[in-house]
Amino acid sequence: MALWIWHPEWAETSIETAGALVHFRKTVSISSVPSQPVYIQITADTKYKLYINSELLVIGPVKGDQHMWFYDEVDIQPFLKAGDNDINVQVLRLYHATSHGASFPRLPQPGLLIRQARLSEDVGFDIQSDKSWETVIDLSTRLPTNMPEDQFLQIYEQVDNSLAIEEPAWLAAKELDFPTSHGISAPWKLSPRLIPYPRYQAVPFKAIHNIESTVPRAEWEKALLAPHDGGCHSTILLPAGSRHHVELEAESHITAYLQFRFQRPFRFGSSLKVTYSESYEDMPEVIPWIRRKGNRLDTAKSIRGPEDQFFFGGTDATHLRSNPRYHQNCEDQEIFSPFHFRTFRFLAVDIEVTHQSDLVMDRIDLTTTNYPLEVIADVNVSPAGGLYRELWSTSLRTLKNCMHDCYEDCPFYEQLQYVMDARSSALFTYCVSGDDRLARQAILQIYNTFQPRIGLTASRAPAHQLQIIPHFSLFWIAMVTDHFEYFKDTEFTRQFIPVCDGVLESFARRIDPQVGLVRTSQNSDHWDFVDWAESWKPMGIPPAAERSGFQAFTNMLYVYSLRRISVVLIAIGRLGLAEEYEIRAKSVIKALKTYCFDGRFFTDGLSDSCNRQNDYSQTSQAWAVLCGAATDDLAVDIMVESTAATAGERSSQNFTPASTAMSFYVLRALSMAGGGIYEKRFHSIWEPWKTQLKQNLTTWVEDDVSNRSDCHAWGSSPLFEMVAEVAGVRMSAPGWEVIDFQPRLSLFSELNATIPFVRNGAPGLARVQWQYQGDNFGVSISLKLDSAETSTPAVRLISPDGHVEIIDSASKPIHRTIKSSLMREPFPRPLSS
């Protein structure tokens with residue numbers, strides 16, 4: 001029987017490290033390799049790597065929490081051999097009673113569990129975790145907690161192999177005894193993995209910059225830039241007493257595992273320092289929060305960021321029969337392989353060689369890791385196709401780099417799954433792949449954080465620290481509704497309705513009886529964040545909210561959430577609750593028009609005390625449209641005025657512009673307002689993205705206020721716009737029962753698009769084409785489903801003049817000719833490039 005095990009002398013006492021590495025080993029002997037798969041289930045608290053015969057099999061588990069702790073199931077049969085088999089597990093345990101490593105949840109008790117599963121035959125050996133395993137604490141590795149550039153992760157390493165000269169003290173593992181009756185069990189509530197395993201790809205570096213070394217550039221380039229194909233490769237001899245500095249550039253912003261491979265030196269004392277950075281930059285204004293960047297490829301600037309340090313042990317540290325066997329040929333090589341993946345575009349490598357022996361560098365192995373997103377969607381347009389192709393590819397790269405164990409706000413700094421970020425990322429994922437597995441997991445993880453006492457979810461999960469941003473609970477409700485609309489999984493969605501109601505009730509309790517609006521949160525532990533606008537620094541909250549005690553955005557988002565979740569309530573027959581929500585929504589809208597509308601525009605706070613210079617924003621105008629407070633001509637007017645500056649036009653009012661994150665909702669409001677305003681603003685709204693391309697970014701920034709993160713998936717809006725708005729393919733009813741096809745023909749003269757959708761669990765593809773010929777557009781759409789048991793949806797073709805035609809798509813592609821004279825913004829017209 002498998003038991004949870006751990007090191008018998010473990011103590012979480014050090015304040016100088018965020019955690020420690022613990023090694024486990026076992027040798028099993030078999031006369032022959034089993035003919036059938038040998039499945040094991042494995043998990044650990046906090047993270048583990050499983051090796052068999054020095055081959056890395058799996059890294060896990062997916063981040064979980066006290067409600068769902070994930071395990072992996074893996075077939076070890078291909079890695080076994082006749083005779084002795086070395087089984088090694090390396091566990092990274094982050095200390096529980098600290099705030100360090102906020103991105104990595106862990107429970108108070110550390111542990112490792114391995115158990116056999118799905119036995120098809122007697123495999124002849126026992127790999128399950130018990131006291132037959134041996135374990136040792138790695139005393140050579142620290143995870144610094146005082147690094148100014150690292151405020152969240154605390155997974156950077158200081159490794160001193162000179163401390164490993166003495167024989168490590170391997171001990172029999174301690175079996176952890178937990179009650180297993182009367183409804184009591186181990187603290188980890190085990191769940192099978194919900195998402196697929198990551199995709200790994202070996203990649204080379206692109207270039208070397210700023211070499212300070214006695215070794216010629218040609219030798220560095222030959223050794224470090226050439227792909228490692230298993231054949232002969234160059235090494236670099238670094239003479240005793242020498243120092244070397246090189247800066248390496250990856251092909252783009254990446255998330256990757258690294259291995260720095262050296263021939264084992266004769267003596268200890270040499271050192272390696274690796275600095276990770278997303279860009280070249282000037283000295284930050286405030287480390288790590290406010291950066292000064294500009295051209296990311298300006299190598300005259302500096303590489304700044306968190307660091308790894310590695311001190312070589314040499315031959316004196318080679319008690320190799322006792323050391324963990326994580327690599328082949330470890331007797332001859334000394335390898336620095338950080339446990340967790342690193343995020344970077346540039347590396348600064350500094351090497352100091354002891355005076356007592358030379359050092360020989362073999363190579364640096366670089367293996368990218370990401371969620372295995374299968375991108376199906378593709379959109380090609382003309383003219384200006386090169387620009388929009390670059391917007392598309394950069395958006396995809398950004399999205400992928402923010403997908404690992406979960407959706408991540410930024411892989412470089414935090415690796416936390418915030419709800420507002422995850423909602424956008426999930427929508428982008430649906431658009432390009434039809435894959436909902438990571439989104440389903442995210443919805444569940446946020447759901448599990450619901451706090452009944454306050455009626456809110458956490459703002460982020462999984463996480464080691466609880467944070468409450470009340471607005472993010474409402475974004476979670478939108479995320480639940482989005483999933484229902486795209487996939488119509490009623491059974492999955494129903495379980496969340498009580499918590500959705502609890503969240504909405506918490507906002508209802510804050511409604512002022514005199515004004516009829518939701519007051520700002522009075523709880524000092526809550527953060528009423530809205531957006532990273534320049535004039536809302538440092539907390540991202542409109543000044544009018546703090547001054548008046550009311551925030552228009554809160555009320556608009558509350559109304560939006562009431563109406564969004566009502567889509568689900570009506571579908572599952574909860575008509576009474578949906579009606580109640582609509583009554584609430586109308587009441588708040590009435591109050592918004594009374595107290596947050598000056599007769600022309602919506603104010604960020606109460607209109608009777610507003611400051612005309614600071615209390616109007618794009619955000620408030622957009623959400624007035626999205627919640628239904630502004631409709632028809634008013635919706636068009638306020639969106640025209642609030643986005644005028646974006647298009648280089650004058651406006652009668654100064655509006656605080658939306659940041660990268662909130663621009664997605666400005667686009668939604670432009671679309672909802674109608675009147676041709678979406679088309680009118682489409683090309684100009686991408687100016688901030690075009691600026692980033694000119695600054696040589698390869699992924700989209702978090703915001704242009706702090707310039708902190710160079711990779712934030714909420715900036716990948718072009719994916720959604722090109723699929724759902726430009727190509728015009730959207731679901732008209734939950735589960736794609738009907739497709740709305742509303743192509744925005746005036747934007748491009750030619751378009752060719754492939755768009756995924758899922759109907760009754762069956763993947764499908766929509767193919768859209770159009771071409772401008774003479775005074776007409778030739779438009780076509782065709783639908784195909786993988787399953788013959790599921791019928792294709794009907795199509796509602798919405799022409800530029802608003803005419804609606806419902807068409808059966810099952811028989812053949814739909815072709816139509818549309819006159820360009822029907823469009824509010826007739827093509828051709830000048831396009832931004």
S671 OG to Q742 CD distance, which is reported to the nearest 0.5 Å: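 It comes to 7.0 Å.
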
Y616 side, atom OH; N654 side, atom CG - distance, nearest 0.5 Å: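 Rounded to the nearest 0.5 Å, the OH-CG separation comes to 11.0 Å.
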
Centroid-centroid distance, [X] to [Y], less than 6.0 Å:
X    : Y    : answer
Y418 : H712 : no
F346 : F205 : no
F720 : F664 : yes
F475 : Y665 : yes
F748 : Y388 : yes
F487 : Y430 : yes

Keeping [X] on the side-chain end and [Y] on the backbone end, is there a donor-acceptor pair under 3.5 Å?
X    : Y    : value
S732 : V738 : no
S749 : S382 : yes
S716 : S395 : yes
N380 : L751 : no
T398 : W700 : yes

From the options R296, H253, R304, select the one residue that forms a side-chain hydrogen bond (donor to acceptor under 3.5 Å, both in side chains) with E278. H253

Given E721, which partner from the list W686, Y678, W392 fulfils the side-chain hydrogen bond (donor to acceptor under 3.5 Å, both in side chains) test? Y678

Would [X] and [Y] pass as an ion pair if we require N to O under 4.0 Å?
X    : Y    : answer
D786 : R759 : no
R291 : E702 : no
R397 : E251 : no
K819 : D775 : no
K293 : D282 : no
R423 : D421 : no

Decide yes or no on side chain to side chain contact (heavy atoms under 4.5 Å, CB included) for D436 and H483, but give the supporting numbers first. CA-CA 8 Å; D436 72 328; H483 187 274; 2.7 Å; yes

Within 45° of the six-membered ring axis of Y413 and under 6.0 Å from that ring's centre, is NZ or CZ of R708 located there?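 Yes, a cation-pi geometry holds between R708 and Y413.
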
Could you check whether H245 and E247, counting side-chain N and O atoms only, form a donor-acceptor pair closer than 3.5 Å? yes

Counting heavy atoms not belonging to R816, are there more than 12 under 6.0 Å from its CZ?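 Count over threshold, so yes.
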
Please determine whether side chain to side chain donor-acceptor pair (under 3.5 Å) holds for the pair D531 and S659, giving the CA-CA distance in whole Å, both sets of side-chain angles, and the decisive distance to 0.1 Å. CA-CA 7 Å; D531 192 18; S659 77; 2.3 Å; yes

Tell me whether the rings of Y257 and F341 are parallel (<30°), tilted (30 to 60°) or perpendicular (>60°). perpendicular

W623 and Y560 aromatic ring geometry - parallel, tilted or perpendicular at 30°/60° bounds: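 Y560 and W623: perpendicular rings.
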
